[in-house]
Amino acid sequence: MSKYDFQAIEQKWQAYWAQNATFRALGPGDEGFDASRPKFFVLDMFPYPSGAGLHVGHPLGYIGTDIVARYKRMTGHNVLHPMGFDAFGLPAEQYAIETGVHPRDTTRKNIANMLRQLKAFGLSYDWDRELATIEPDYYRWTQWIFLQIWGSWYDEEQDKARPVAELEQALEAGEYLVGEDGDLVSAGSEGARTWQSLDESEKREFIDGRRLAFISGVPVNWCPGLGTVLANEEVTNDGRSERGNFPVFKRPLRQWQLRITAFAERLIRDLDDLDWPEPVKLMQRNWVGRSRGASVEFRVAGSDEAIRVFTTRPDTLFGATYMVLAPEHPLVETVTVPDQRQAVSTYQAEAGARSDVDRQADSRTKTGVFTGAFAINPTTGEEIPIWIADYVMMGYGTGAIMAVPCHDSRDFEFAKTFSLPIVPVIAPDPKWLAQQAEAIKLEEDPLECYLADPTVFPEAFCGQGTSINSANREVSLNDLSTAKAQQRIISWLEQKGLGFAQVQYKLRDWLFSRQRYWGEPFPVLHGPDGRIQPVPESELPVVLPEMEDFRPSASDDPEAEPKPSLGRAPEEWRLVEVEGQRWERELNTMPQWAGSCWYYLRFIDPHNSERFVDREKEHYWMGAGGVDLYVGGVEHAVLHLLYARFWHKLLYDLGHVSTSEPFRRLFNQGYIQAYAFQDARGVYVPASEVVEEDGSFYHNGQKLTRSYGKMGKSLKNAVAPDEMFAEYGCDTLRLYEMYMGPLETSKPWITRDIVGVSRFLQRVWRNFFDKEDGSLLVSEEAASGEIRRLLHATIKQVTHDMETLSFNTSIARLIELNNALVGLDSLPREVAEPFVLMLAPLVPHLAEELWQQLGFTESLAYAPWPDFDERYLVKEEVEIAIQIMGKMRGTVCVAPDAVEDDVREAALAEEKFRRHLDGKTIRKVIFVPGRLLNIIAN
RNA sequence: GCGAAAGUGGCGGAACUGGUAGACGCGCGAGAUUUAGGUUCUCGUGGUUUAGGCCGUGGGGGUUCGAGUCCCCCCUUUCGCACCA
């Protein structure tokens, strides 16, 4: 073979791998499985099968994981490397609606197309494990897991989820009682009722109220444009749907929710042990949003009512000069005095009508209305006014706050606007005072002025400090630091029964139902008396009914009622007869994220019809902390990764999986970006048709402006892989994508640059085969010392880079090695073989071909990864940097084991170094063996 | 506003715990092969310069024998959160 015929080679080896099932992963129970080898589970975030097809940016991460998978096979691991499709959900359904074809047909077609495109990249997936979340064999188990969640409660004492049946047993046995407020209390609690004293419906209500999947009527995100409700995570900052950018409204609706909040603490705590990018951990911590503080009760003056608030600064309690309720707070109706009723309800109506977008727009100016009622500050005994204002949210804490205007910037603004009293209870630190005084050019003593009137400065002091003005007959916080003051006030509050230390989370329960067609049906039946009953496990899956019209009931009207698509399903699906009564199926479907919460587990055992995953197989592949490497984009930092961790922990608590976390190591790949071009009207023109002339860009003679962004349809700057395959081949494309830069960063696609790696592969070929007759140039002669040293240095570096996924630098080292081989008459086998093995993960087709040409009859997929020998890394001579007074002046060559005196002598022997020392005395010499000598003189 | 990450030649990017800045590739320049273009090969390529140097990793300070790397201040870009009490 005289020419590198990539087309023929790539076809040949892809066929070979398929025929020989080269990448079939053997696990426990499979014939030929070798349990003595370590396992490696390397996973990609599986894609949505969109109709648009792939561009060169999509497979970036897949190429990365493929290289790791191939490398790990060569280092003796049993590798699990699967791929599948996340095919339920809005994108697939929206696409189906656009084309008017049933989503099952469009998604299956899209999957087939995407499979074809993926396979062309020569990725070493075990395709026998391919799965799609839309197949009944798969979503049967998604439904099964939902039933596990429904059948569980959270045991706070044991800090884990447990089956509801165990709760019922414990109640039956009297280990627990039902408290006055309907809460769960331990035996012996005062005023508690026994389980037996409850009637059937009370019992059911009690249990249903503790389930981890429950129906509740809290305000949810209603998106009429999509015809469905959405999770908090699916709503953007400006109150729109992440999918489709439709407006979203808060409305109280009865919906399914999953009690993810029960796991809040563990979802934060367990991040510590994960090998994840710090920014992702931080985003998750922020999303869960843990804050410590106190719950405090304020009595309403002249009434039996009390307002409970959460505060992170109980130490400022003496400074609470008013209270604010969220406009939606239930106590607003009871406390408002008749004179203020009109103003209050007007304000409530206004606040209710404002969308989140409006509230966002003028978040700076504070509005509110006095209710006419007063609460009593428990520390001072003073009556403080109760206001309502939309800067307090119903969704966080208790929906009410104690306002400490002197030490909270929002309360400060509000108090200034409505002339409410502002009392300092923390002495600001001198640095802050000095800064503030500087800002307003204050001449007098800043502390004195501040204490006299805290509004002299434009800002409130919100930091920690020493408490002042904080004492009553029973307790004094004065002169205490913030931490100490908090401790003291909390113990005082506890003593008085007015409050206690509390931890609050930002995380809300997960809104889990959607009114769309294209999702997993809930395996739940609703009885005529409002009872809920699960579909028995033996009857799973509940298959989506065939429907002509699967479109959602979308609307522009925010008042439109949600109408699940399944409401139009045929009666024989909707209605089920149980013991002579007609029960109706749940008509909502599960959200997109359900299927992706556990797919990694199904890959372990994709065809099991008895269990969602075989225990022994799960134990093997998920051992040592779960998936060994999980690669995907940062966009899933909160949504998918938080939901999946939640489900996994629940399955762990119930004993269904063996690790408490699903993904031990997470890696975020960057994006491939590309230049995009707009004409004078701002319309994007296809980047492929743009011509460059003297640094300007033209399309049909029109001058264009150039911008830069993520590759895709909207910017018309996508590059299709097919063109690249045709011109350069798949190995070259793979290599270029890895060579562009670090896998984790975003970087620009520049088609011109691909010739660099193409030339490299051509040159590799020419090093192996004679240009004229195509004969193999490999010889059995030993390599020279220099080539051998370079080979071993390359093995060392490339091996290291494989572990850190630094493929760009390993490729650079391989290019260097290859360049060094160019001048040789023949290629020593001792270099050729390890060189091919190192190329194998990166350019597998070419490497297989070379391996075969070297005389091997089997695939190199499981050939042992080359080792390096430290002995060969020793150079005969090393260059030592010579610095005079810390400045680089050149280098000297010495033996690698040269000591300071040798190097110094060699340096001083040369005029070019001595020159800089003329007339100076050497004061000090710094020597770093093998690297540098620095002579200090004056 | 708060938080995080990043700023290195004409371009993509190297540089492990402070120790020869710019590996490798693109582009560019010169030469060789070729009828020519392309391919291929060799050499060169941070800036400046009086050829000894001098200046260079966003800007300004600092620590150190020595700073792209550590510390402080500032600028720019990207991302995340956003009245979270």
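Naming: A, B, ... by sequence-line order, numbering from 1 per chain. The structure presented is a predicted model; accordingly, all values stated were derived computationally and were not measured.
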N or O in side chain of S409(A) less than 4.0 angstrom from C83(B) OP1/OP2: no
Gap in Å between the two P atoms, one belonging to G3(B) and one to A82(B), rounded: 16 Å
Salt bridge (Lys or Arg N to Asp or Glu O under 4.0 Å) involving K506(A) - partner list, sequence neighbours excluded: none
All N/O pairs under 3.5 Å across the protein-nucleotides 35-38 of chain B interface:
none

Interatomic distance where NZ belongs to K281(A) and P belongs to C79(B) [whole Å]: 24 Å
Whole-Å distance separating the CG atom of D411(A) from the C1' atom of C83(B): 10 Å
F414(A) ring center within less than 6.0 Å of Y322(A) ring center: yes
Base-pair map of RNA chain B as dot-bracket, where | denotes pairing with a different strand and pairs are Watson-Crick or G-U under 3.5 Å: (((((((..(((......[....)))((((((.......))))))(((....)))..(((((..]....))))))))))))....
Separation of G80(B) C1' from K506(A) NZ (nearest whole Å): 10 Å
P gap between C79(B) and C73(B), integer Å: 25 Å
Letter per nucleotide, 5' to 3', of nucleotides 43-58 of chain B [B base touched, S only sugar-phosphate touched, - untouched; heavy atoms, 4.0 Å]: ---------SSSS---
Separation of G66(B) C1' from K924(A) NZ (nearest whole Å): 10 Å
Inter- and intrachain pairs under salt bridge (Lys or Arg N to Asp or Glu O under 4.0 Å), touching residues 801-810 of chain A, at least two apart: K72(A)-E803(A)
Salt bridge (Lys or Arg N to Asp or Glu O under 4.0 Å): pairs with one or both residues in residues 928-938 of chain A, sequence neighbours excluded: none
Contact letters for nucleotides 6-28 of chain B, in which S counts primed atoms plus P, OP1 and OP2 and B counts the base, heavy atoms under 4.0 Å: ------BSS-B--BBS-BBSSS-
Heavy atoms from other residues, nucleotides or ligands near CG of D272(A) exceed 12 (cutoff 6.0 Å): yes
W387(A)-F418(A) aromatic ring centre distance below 6.0 Å: yes
Protein-nucleotide distance (Q284(A), atom CD; C81(B), atom P), rounded to Å: 12 Å
For atom CE of M323(A) and atom P of A85(B), their distance in whole Å: 16 Å
Salt bridge (Lys or Arg N to Asp or Glu O under 4.0 Å) partners of residues 746-755 of chain A, not counting sequence neighbours, each pair once: none
Spacing of the P atoms in C11(B) and G47(B) (rounded, Å): 12 Å
Beyond-backbone contact of V764(A) with L839(A), side-chain heavy atoms, under 4.5 angstrom: yes
Which residue lies more 5' along RNA chain B, comparing N286(A) with G397(A) via nearest heavy atoms: N286(A)
Integer angstrom distance from the P of G9(B) to that of G58(B): 8 Å
Basic-acidic side-chain contact under 4.0 Å: K366(A), E413(A): no
Non-neighbouring partners of D509(A) that pass side chain to side chain donor-acceptor pair (under 3.5 Å), sequence neighbours left out: T261(A)
Set of side chain to side chain donor-acceptor pair (under 3.5 Å) partners for D731(A), sequence neighbours left out: H845(A)
P spacing across the pair G53(B) / A21(B), given as an integer number of angstrom: 15 Å
Main-chain N/O of K912(A) paired with R889(A) side-chain donor or acceptor, under 3.5 Å: no
Atom-pair distance (CZ on R313(A); P on C83(B)), nearest Å: 20 Å
Which residues share a salt bridge (Lys or Arg N to Asp or Glu O under 4.0 Å) with R914(A), sequence neighbours left out: E911(A)
Distance, C1' atom - from U33(B) to G38(B), rounded to whole angstrom: 13 Å
Minimum-distance nucleotide (side-chain atoms of P279(A) versus A85(B), C83(B), A4(B)): A4(B)
Distance, P atom - from A51(B) to U40(B), rounded to whole angstrom: 40 Å
U17(B) and C70(B), which share atom name P, separated by this distance in whole Å: 9 Å
With sequence neighbours excluded, residues passing ring-ring contact (aromatic ring centres under 6.0 Å, His included) with F677(A): F697(A)
Separation of A85(B) C1' from E413(A) CD (nearest whole Å): 15 Å
Glycosidic conformation of G29(B), taking syn as within 90° of 0 and anti otherwise: anti
OP1 or OP2 of U39(B) under 4.0 Å from side-chain N/O of R766(A): no
Pair D315(A) + R313(A): basic N to acidic O under 4.0 Å: yes
